[in-house]
Amino acid sequence: MPELPEVETTRRGIEPHIKGLRIEAVEIRNPRLRWPVPQNLSDSLAGRQILAVERRAKYLLFRTDGSQTMIVHLGMSGSLFILKDATAGRAPGPHDHLDWLFSGGTRLRLRDPRRFGAVLVTEGEPLAHYLLRHLGPEPLESGFTPDYLYEAARSRRVTIKQLIMDSRVVVGVGNIYASEALFLSGIRPGRACHRVSRPRFHVLRDAIVNVLQEAIGQGGTTLRDFVREDGRPGYFRQQLNVYGRSGLPCHVCGTQVRQRRIGQRSSFYCPICQQ
DNA sequence: ACGAAGCCCTGCAAGC
DNA sequence: TGCTTGCAGGGCTTCG
């Protein structure tokens with residue numbers, strides 16, 4: 001579900017509420033996520049203080065004052081929210097699988113209807129964890145350059161949309177923002193990536209960066225499940241040009257937006273604006 | 001090494 | 001109304 005902007009929105013939302021607090025206990029109501037939540041999660045985290053909540057790709061990294069870092073992935077339908085004061089005693093719903101209880105009564109709750117999310121604990125440097133080790137550059141950091149993308153595209157035989165959604169190439173670009181970035185770049189999603197010209201990678205890199213930054217500024221995109229730490233939705237949905245707009249007029253030229261499946265995923269584009 | 005496909009799970013919308 | 005079918009924002013794993 002959540003792509004990079006939604007995960008970053010979540011990170012920014014929860015970090016100020018739990019930074020510096022100590023974990024007192026973890027309540028696991030349903031351990032059956034993508035992988036079973038470790039039985040000893042509460043034992044291994046109890047007493048630990050949260051030093052920072054960081055993000056790598058779509059993984060949230062909860063750094064502690066011990067050797068452990070907790071890794072949380074929201075999968076397709078996960079959200080984290082903060083309960084405290086008046087809401088602290090709110091009863092969990094059927095998909096509220098985990099609560100972290102902090103010193104002072106703050107509670108962090110994971111809701112994940114589809115249970116594609118994950119909660120794990122790693123020792124030592126979390127970036128060396130096997131799930132994170134092979135990830136490509138962050139799109140909002142300096143390693144993500146047009147030349148880098150061009151070089152990655154030259155040796156591959158996939159469509160441009162599949163290229164930018166490949167986490168070995170660049171992380172955090174999911175199905176929504178891939179379609180949007182390609183619209184803003186004027187590139188058809190089904191174009192073979194090695195047939196995209198070098199100058200167009202400058203446009204594409206900028207479009208990816210811009211659409212992700214804009215979406216973060218709007219608190220992400222809420223289609224169905226995503227809510228922020230306080231329960232509010234993200235407001236980027238109003239800015240979507242093509243995603244989910246099949247048959248509706250292109251905002252630029254009025255032509256009907258088309259939908260087609262590329263690599264198992266729905267892709268949206270304007271047949272006039274994108275070539 | 002790369003690329004395609006399968007699979008994990010629930011909820012919802014569309015179609016009959 | 002009630003059933004069936006397909007589809008959904010991810011990504012690990014397996015297979016070719």
Side-chain angles (χ1 to χ4, degrees), chain A residues 1-10 29-37 55-60 71-80 93-98 110-120 122 129-136 139 151-182 189-190 192-194 208 211-212 215-216 218-228 233-247 259-268:
Chain A
M1 135 197 218
E3 303 186 29
L4 186 149
E6 292 73 39
V7 179
E8 179 62 20
T9 295
T10 298
R29 282 177 290 273
N30 184 356
R32 292 161 49 223
L33 300 183
R34 166 182 284 282
W35 302 290
V37 175
R55 179 188 59 73
R56 172 73 173 112
K58 296 171 187 167
Y59 295 92
L60 289 167
I71 302 176
V72 174
H73 196 290
L74 298 176
M76 272 171 96
S77 60
S79 47
L80 285 169
H95 303 301
D96 294 342
H97 306 310
L98 260 81
L110 173 69
R111 174 175 299 172
D112 186 5
R114 288 177 66 183
R115 293 196 274 119
F116 283 6
V119 176
L120 35 147
T122 186
H129 190 274
Y130 73 101
L131 290 171
L132 309 188
R133 199 186 308 164
H134 302 292
L135 294 172
E151 290 300 329
R154 280 211 304 178
S155 60
R156 290 167 200 262
R157 293 295 177 268
V158 292
T159 65
I160 189 67
K161 177 160 181 275
Q162 289 171 298
L163 182 84
I164 62 175
M165 288 182 68
D166 186 337
S167 63
R168 295 167 297 181
V169 175
V170 58
V171 300
V173 183
N175 205 33
I176 296 178
Y177 299 111
S179 278
E180 292 300 312
L182 288 166
C193 67
H194 66 284
I208 291 171
V211 77
L212 294 177
I216 291 170
Q218 299 285 312
T221 301
T222 296
L223 293 180
R224 182 175 297 164
D225 300 308
F226 177 71
V227 290
R228 293 187 249 180
Y235 298 116
F236 192 72
R237 187 174 188 170
Q238 285 92 318
Q239 332 274 322
L240 296 178
N241 282 296
V242 285
Y243 185 85
R245 298 194 63 248
S246 181
Q259 176 173 2
R260 97 168 240 232
R261 286 188 86 72
I262 296 170
Q264 320 274 73
R265 314 298 293 274
S266 285
S267 309
F268 301 86

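All chains are named by letter (A, B, ...) in the order of the sequence lines, taking the proteins before the strands, and each is independently numbered beginning at 1. Just so it is clear, the model here is predicted, and its values are computed rather than measured.
Taking side-chain N and O atoms only, A/H73 has a distance below 4.0 Å to OP1 or OP2 of C/dG11. The shortest distance between the side-chain N/O atoms of A/R265 and the OP1/OP2 oxygens of C/dG9 is below 4.0 Å. Contact annotation: A/H95 side-chain N/O to B/dG11 OP1/OP2 distance is under 4.0 Å. Put simply, A/Q264 has no side-chain N or O that comes within less than 4.0 Å of OP1 or OP2 on B/dC7.
Residue A/R228 forms a side-chain contact (heavy atoms from CB on, under 4.5 Å) with just one option from A/T9, A/T222, A/L80, and that option is A/T9. Applying the side-chain contact (heavy atoms from CB on, under 4.5 Å) test between A/S179 and each of A/V242, A/N241, A/I262 identifies A/V242 as the sole match.
Under the salt bridge (Lys or Arg N to Asp or Glu O under 4.0 Å) criterion, A/R115 pairs with no residue, sequence neighbours left out. In this structure A/H73 satisfies the ring pair (Phe, Tyr, Trp, His ring centres under 6.0 Å) test together with A/Y59, sequence neighbours excluded. Residues forming a salt bridge (Lys or Arg N to Asp or Glu O under 4.0 Å) with A/R56 (at least two apart in sequence, or on another chain): A/E138. Legend: residues meeting salt bridge (Lys or Arg N to Asp or Glu O under 4.0 Å) with A/R32, ordered by chain and number and at least two apart, are absent. Judged as a salt bridge (Lys or Arg N to Asp or Glu O under 4.0 Å), and not counting sequence neighbours, A/R261 has no contacts.
B/dG3 and C/dG9: their C1' atoms are spaced 23 Å apart (whole Å). Nucleotides B/dG11 and C/dC12 have their C1' atoms positioned 23 Å apart, rounded to a whole Å.
The residue A/Y243 sits close only to the backbone: its heavy atoms come under 4.0 Å of sugar-phosphate atoms, none of a base. Among the heavy atoms of the strands lying under 4.0 Å from A/R157 are primed sugar atoms or P, OP1, OP2 only; no base atom is included. Nucleic acid contact for A/R261: sugar-phosphate only, since backbone atoms but no base atoms lie under 4.0 Å from a heavy atom of the residue. Nucleic acid contact class of A/F236 (heavy atoms, under 4.0 Å, all strands): none.
Counting to the nearest Å, the P atom of C/dG11 and the CD1 atom of A/I71 are 14 Å from each other. To the nearest angstrom, P of C/dA8 lies 13 Å from CD1 of A/I262. Computed from coordinates, the A/R237 CZ to C/dA8 P distance equals 14 Å when rounded to whole Å. The distance between atom CD1 of A/I160 and atom P of B/dG3, rounded to the nearest whole Å, is 13 Å. Between the P atom of C/dG10 and the CG atom of A/L131 lies a distance of 17 Å, rounded to the nearest Å. What separates CG of A/L132 from P of C/dC12 is a distance of 9 Å, to the nearest Å. Atom-to-atom, NE2 of A/H97 to C1' of B/dC8 comes out at 13 Å; the value is rounded to the nearest Å. Remark: P of C/dG10 and OH of A/Y59 are 12 Å apart, rounded to the nearest angstrom.
Separation of atoms CZ (A/R156) and SG (A/C193) is listed at 7.5 Å; rounding is to 0.5 Å.
Secondary-structure annotation of DNA chain C gives the stems B:2-8 with C:10-16, B:10-16 with C:2-8, with a stem taken as at least 3 successive Watson-Crick or G-U pairs whose two distances both fall under 3.5 Å.
Residue side chain A/R114 reaches the base of B/dC9 through a donor-acceptor N/O pair under 3.5 Å, judged by distance alone.
Residue A/F116 and nucleotide C/dG10 are classified as a stacked aromatic pair, their ring centres being separated by less than 5.5 Å at an interplanar angle below 30°.
Annotation: of the two residues near DNA chain C, A/Y130 and A/R34, the 5′-most nearest-nucleotide partner is A/R34.
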